[in-house]
Undergrad: 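The following block contains the structure, expressed as structure tokens.
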Amino acid sequence: MEAIMRLGRTFVPPWLERWTEKHSSPLVVFLVALFLAVFLYGIVTTDNFLNLFNLKTIIRDAALVGIMGIGLTFVTLSGNFFLLSMKETAALCIIAFAMGMSNGWGFELSLLATMGVAVGAGVLQGLLIGLGGNPIVVTLGAAGVFIGIASWWSDNLVVSFRRPNDAEWLGTGSFLGLPNITIAFILIAVLAEVVLRYTRFGRQVYLIGANRAAGKATGHENLPMAIKVCTIASVCSGFVAVAFAAQISSAQANYFSSEFGSSGDMTILVIATVMVGGNSIMGGYGSTLRTSLGAVFIAVIDNMMVLRGFNSGPRVLAVGLMIVFSIIVFSLAQKGSRAQE
Amino acid sequence: MSVLKHAVAIAATTTVAIGVMATSALAQDKPLIISFNGPAGEAYIGKFIKGIKATAELNGYDIEVFENQFNQAEQDQQVQQVLAAGKKPDVFLWWPSDAVAGLGSLRALHKTGVPVLKINQLPNEQDKQFIFGYAGPDDRLRARNAGYMLRQAAAAKQARGEEGFNVIVLSYPHSYGGYGLSINAFNEAIEGSPLNIIGDIDEGFGQSNGYKGAAKLVAKVKDQGIDFVYGMDDAILTGGIKALEEAGFKMGEDIVAVGTVCNGDKQLIEEGKQYGTTLQSPLHEGQLAIKMATEYLETGTLENYLNFTPNPAVTLDNLETVALRGYDGALYGIDELCSGAWTGG
């Protein structure tokens, strides 16, 4: 690892080295370098990769998973591990939204009701985790409850609302050639990064994630933090649900439960974006920007493999390998930084 | 008066007691069917379960349903639990999550001596010996009908003197058994026509994967020109149509799309964005399963080893008129038969 870093430094101009030393870690540099290497390899060797249409396809492909990943990053950074109920929260929210739309509530009221459901789901999980519940156990249980309610509420049927409707602008509309969902992804990514870097709440997320005991000693309890971050993650899931329902004007409890194909399981894919982005699984280290890049990186690799003719099996394998790779890189980098200290 | 009250009370109690005993005796005499299948949360399987339950009740059977979350290990465990509990129904309905991986469980069910009817996934060489028959859809017929519909559309295009016959396929995962049957039947159906497959993507099941897969495939083959789309089912195709529209194609004008299963969006056919589909009703499939179980219990054999649900083609022309008579004698319209967004009018 050190040798790679040394080799990398020989090609890096001094101003860039100073900038990276000041603003970023070697891991970020490594990830960006890796991303660029894959990207360049794609440009050179893959037909139809480097054109505006395909680049837009990549970002659009990363958007929904990326938005959920950004929400989940808050949970991970705060040291509360992962929510294993991301797709089930989305399932409950998509049914809530479609029920509202099919009953003629209109977009705004349906959205409001859906966000209410999302906040409720987040607060419930955050409360249980904050009171000492194991995040895995709590969110596994919550996942069962949410998907159960969604299935029961929809009677296991597709809930549809006819086009034209006032939700279509979000699902299928575009602005300056970019799909609105892509724009939403970019805006949410920027907003989340600003919140984490420049607000008191953001600093508390890092503090409690890095050292819960120190956080407690300075008056920052995990209970309110767990409620807040779980709510953010749930609201992100809820937004994805609304965007997806708006796209196809229908909803079903299992829309996010794809058990086959290259997309695999939605929750696992969302966790993959957090991991591939290089966020610390134990909390306190990382950013939503990393997660956004992780989502785009996965989409780039997947897109490239499709263009090169790979079917779903190797593509699922690639996502799995990326997670393993990112964990190895992360642990190596942590060892390196501890040695430097 | 009080003697009369006592007499009435005793008579009433005796009647209730006899009724309860008779009911429980009758209940014990009712044949029992146990079904192993996927989750009711999936719209298609949800309607299948409704079909088997309603028809079993109509035919005087008790029925127990064990749902798995598309997970063969979970289904294997359910089989072990049923066997360990010593349950011996009159018929097992076996809809495996993974027909190959679930072979051991099927063998275990067969060993009990209880007849097993396979559902939804066509029998293969390994499991034929353990089942008495099959009830469900014919992947080949469904795909063939889709091929014929595209062929028809291509012939009309050719007659108008227009060019462009490139087809993209939005597939099931290639590892899924239905993929091979579907693509082979589709290829046979379009053989000899000007239609030419230029791309095939297997992102996964459902609308979300259909969208993502189509978006990537469009990026790959857009320059060659896309004129026709075959979706292996309508759910995948629904997502695919959205991706094609986002890419700037006008569905129904630039591209003719055909799907199957009618688990997508009826409004796409009404709007002319989807040329047609092949009806495949889970309700009908459930009814057929109980009908075959009944036939076997009454005669000890099946007239036909393979029993398929009908797969008529559905286009805008017959969208509101197509109907099928169920095995319960009732006539069902397309909104009741289909499993997608077909009731949102």
Side-chain angles (χ1 to χ4, degrees), chain A residues 46-49 51 53-58 60-61 64-65 91 98 102 147-148 150-152 154-163 171-172 174 179 244 247-264 266 299 302-303 305-309 311-313 315-316, chain B residues 39-43 45-47 49-50 69-71 97 171-176 199-213 215-223 235 238-239 241-243 245-248 263-268 270-271 338-345:
Chain A
T46 310
D47 290 338
N48 298 312
F49 182 77
N51 59 57
F53 181 82
N54 192 47
L55 295 181
K56 281 199 289 185
T57 301
I58 289 169
R60 176 65 184 79
D61 193 20
L64 294 184
V65 169
S102 64
I147 196 74
S151 301
W152 167 75
S154 61
D155 198 20
N156 300 318
L157 295 173
V158 176
V159 183
S160 62
F161 43 101
R162 284 187 76 82
R163 292 177 295 275
T172 59
S174 61
F244 190 59
Q247 190 183 18
I248 58 171
S249 301
S250 69
Q252 196 188 337
N254 76 341
Y255 269 0
F256 300 100
S257 304
S258 165
E259 306 297 334
F260 298 95
S262 68
S263 294
M266 186 78 166
D302 193 46
N303 180 281
M305 290 181 80
V306 168
L307 295 182
R308 296 173 78 88
N311 66 22
S312 60
R315 281 152 51 205
V316 174
Chain B
E42 201 279 324
I45 299 174
K47 277 207 170 180
I49 293 171
K50 282 182 183 164
Q69 299 297 322
F70 296 116
N71 183 332
S97 180
S171 291
Y172 293 138
H174 291 178
S175 57
Y176 176 64
D200 176 340
I201 184 89
D202 68 332
E203 188 79 12
F205 292 104
Q207 284 88 337
S208 171
N209 288 323
Y211 173 84
K212 289 165 73 177
K216 281 177 270 196
L217 187 57
V218 169
K220 184 180 179 184
V221 301
K222 199 177 180 216
D223 293 346
T238 300
I241 286 174
K242 291 293 167 195
E245 285 184 320
E246 275 186 21
N263 59 345
D265 186 348
K266 180 184 180 183
Q267 205 181 337
L268 290 173
E270 291 171 346
E271 292 166 342
C338 291
S339 54
W342 287 72
T343 53

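Note on naming: letters A, B, ... go to the chains in the order of the sequence lines (proteins, then strands), and numbering restarts at 1 for each one.
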Undergrad: B/Tyr172 versus chain A, heavy atoms under 4.5 Å apart: side chain, backbone, both or neither?
TA: neither

Undergrad: At a heavy-atom distance under 4.5 Å, which candidate from A/Asn51, A/Asp155, A/Leu64, A/Asp47 has the highest pair count against chain B?
TA: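 Greatest number of close heavy-atom pairs with chain B: A/Asp155.
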
Undergrad: Measure distances from A/Arg60 to the heavy atoms of chain B and classify the residue's part below 4.5 Å as side chain, backbone, both or neither.
TA: side chain

Undergrad: Please determine, among B/Asn71, B/Thr238, B/Val218, the option with the most heavy-atom pairs under 4.5 Å with chain A.
TA: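 Most pairs with chain A among the choices: B/Val218.
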
Undergrad: Under the 3.5 angstrom rule, does the side chain of B/Asp202 hit a backbone N or O of A/Ser312 as a donor-acceptor pair?
TA: yes

Undergrad: Over all heavy atoms of both residues, which pair between B/Lys216 and A/Leu307 is shortest? Give the atoms and the distance, please.
TA: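 Nearest pair, atom of B/Lys216 first, then A/Leu307: O-CD2, 4.1 Å.
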
Undergrad: Tell me every residue that passes side-chain hydrogen bond (donor to acceptor under 3.5 Å, both in side chains) with A/Ser249, counting only those two or more places apart in sequence or in another chain.
TA: A/Asn165

Undergrad: With rounding to the nearest 0.5 angstrom, report the CZ to OG distance, A/Phe256 to B/Ser208.
TA: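 So the gap between those two atoms works out to 7.0 Å.
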
Undergrad: Search all heavy atoms of A/Asn48 against all heavy atoms of B/Ala219 and return the closest pair with its distance.
TA: CB-O, 3.5 Å

Undergrad: Ignoring hydrogens, what is the shortest heavy-atom contact between A/Gly171 and B/Glu246? Give both atom names and the distance.
TA: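 Taking every non-hydrogen atom into account, O-OE2, 3.8 Å.
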
Undergrad: Please report the closest heavy-atom contact between A/Val306 and B/Lys220, naming both atoms and the distance.
TA: O-NZ, 3.6 Å

Undergrad: Quick check against the 3.5 Å criterion: does A/Gln247 have a side-chain atom that pairs as donor or acceptor with the backbone of B/Lys242?
TA: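 No, because the side chain of A/Gln247 does not come within donor-acceptor range (under 3.5 Å) of the backbone of B/Lys242.
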
Undergrad: Could you look at B/Asp223 and say if it's the side chain, the backbone, both or neither that has a heavy atom under 4.5 Å from chain A?
TA: side chain

Undergrad: Give, for atom OG1 of A/Thr172 and atom CD of B/Glu245, the distance between the pair rounded to the nearest 0.5 Å.
TA: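 Going from OG1 on A/Thr172 over to CD on B/Glu245, the span is 8.0 Å.
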
Undergrad: Which bit of A/Gln252 is near chain B, if near means a heavy-atom gap under 4.5 Å: side chain, backbone, both or neither?
TA: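 Contact with chain B is through the side chain of A/Gln252 alone.
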
Undergrad: Does any backbone or side-chain atom of B/Ala247 lie under 4.5 Å from a heavy atom of chain A? Answer side chain, backbone, both or neither.
TA: both

Undergrad: Nearest 0.5 Å please: distance from the NZ atom of B/Lys266 over to the OG atom of A/Ser160.
TA: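 Going from NZ on B/Lys266 over to OG on A/Ser160, the span is 9.5 Å.
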
Undergrad: With chain A as the partner, which of B/Ser339, B/Ala215, B/Gly46, B/Ser171 has the greatest number of non-hydrogen pairs under 4.5 Å?
TA: B/Ala215

Undergrad: Does any non-hydrogen side-chain atom of B/Gln69 lie less than 4.5 Å from one of A/Asn254?
TA: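 Side chain of A/Asn254 against side chain of B/Gln69, heavy atoms only: no contact under 4.5 Å found.
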
Undergrad: Taking A/Asn54, A/Leu157, A/Thr57 one by one, which has the highest count of heavy-atom pairs under 4.5 Å against chain B?
TA: A/Thr57

Undergrad: Among B/Gln267, B/His174, B/Glu270, which has the most heavy-atom pairs under 4.5 Å with chain A?
TA: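 With the most close heavy-atom pairs to chain A, the winner is B/Gln267.
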
Undergrad: Could you tell me which portion of B/Leu268 (side chain, backbone, both or neither) has an atom closer than 4.5 angstrom to a non-hydrogen atom of chain A?
TA: both

